[in-house]
Amino acid sequence: MGDYFQTIVDLDTGPDEAAEYAERGLAWLVSEGVVLAERTVCVLGAPLGHPPGPNWLRACSPEDAEWKPSDGLAVEVGRTVFGGGQGEPEAVTCPRCEATTRLMTDTWESDDEAWEPFGEALRAWDENGEADDVVCPACAASVPLPEYRWADDFFAFGHLGFRFWNWPEFTDEFLTRFTRVLDGHRTVRVWGKL
């Protein structure tokens with residue numbers, strides 16, 4: 001069956017301001033009653049997290065009222081490759097030419113040759129926060145790794161993420177309101193399953 005997560009990743013917050021924006025985002029979620037301030041054992045991969053609050057449904061659709069979240073929120077501060085968990089990235093799109101590079105073969109095997117430059121840059125970014133630009137296979141533009149768009153938002157690169165475990169899908173209205181709390185920063189929602 002597995003555990004599902006959705007992570008709201010702030011793409012614009014840098015390492016020096018991540019803690020400030022983490023506090024701001026968490027304070028808003030608590031004031032809305034979406035999560036509780038106290039921390040408990042309610043998330044995977046971290047000792048403590050914030051359990052769902054009495055107004056958790058403010059983040060989700062009314063049709064999901066029967067599916068109360070079974071786990072909580074982990075706020076992740078620090079350089080992170082936010083990934084989709086199981087599986088492999090299917091494709092990546094260049095922000096310069098809009099060409100999409102498939103990273104899987106027709107038989108759903110990883111295309112090692114296509115993946116190699118992205119994989120090397122991903123490892124470098126994970127290790128030291130800087131990655132060589134990846135040359136787009138279509139237009140030959142040299143593009144910073146975090147600027148590429150991953151199919152199904154499989155990867156996001158940032159210093160701040162709000163990871164919710166086993167919650168119903170968030171509404172666009174909630175995501176818009178949350179983005180305003182983060183000063184309108186660009187955000188992406190990374191879905192995943194473990």
Shortest non-hydrogen pair, Leu160 vs Ala22, comes out as CD1-CB, 3.6 Å
I'd like to know if the side chain of Glu173 and the backbone of Arg58 have a donor-acceptor N/O pair within less than 3.5 Å. no
In chain order, what residues pass the side chain to side chain contact (heavy atoms under 4.5 Å, CB included) check against Asp152, with sequence neighbours excluded? Glu90
Tell me every residue that passes side chain to side chain contact (heavy atoms under 4.5 Å, CB included) with Ala91, counting only those two or more places apart in sequence or in another chain. Thr100, Ala151
Which pairs pass salt bridge (charged side-chain N to carboxylate O under 4.0 Å, His left out) with one or both residues in residues 6-15, sequence neighbours excluded? Asp12-Arg186
Enumerate the side chain to side chain donor-acceptor pair (under 3.5 Å) contacts for residues 156-171, please, sequence neighbours excluded, ordered by first and then second residue. Asp3-Asn166, Thr7-Arg163, Asp71-Asn166, Glu76-Arg163
Contact list for residues 134-148, test side chain to side chain donor-acceptor pair (under 3.5 Å), sequence neighbours left out: Arg96-Glu147, Asp133-Ser142
Using every non-hydrogen atom in the two residues, find where Thr13 and Ala18 come nearest and quote the distance to one decimal. CG2-CA, 3.3 Å
Can you list every pair that meets side chain to side chain donor-acceptor pair (under 3.5 Å) and has a residue in residues 27-51, with sequence neighbours left out? Glu32-Arg177
Check whether Arg189 reaches the backbone of Phe170 with its side chain - one donor and one acceptor, N or O, closer than 3.5 Å. yes
Geometric class of the His185/Tyr21 ring pair [parallel <30°, tilted 30-60°, perpendicular >60°]: tilted
Close side-chain approach of Phe155 and Leu145, heavy atoms under 4.5 Å: no
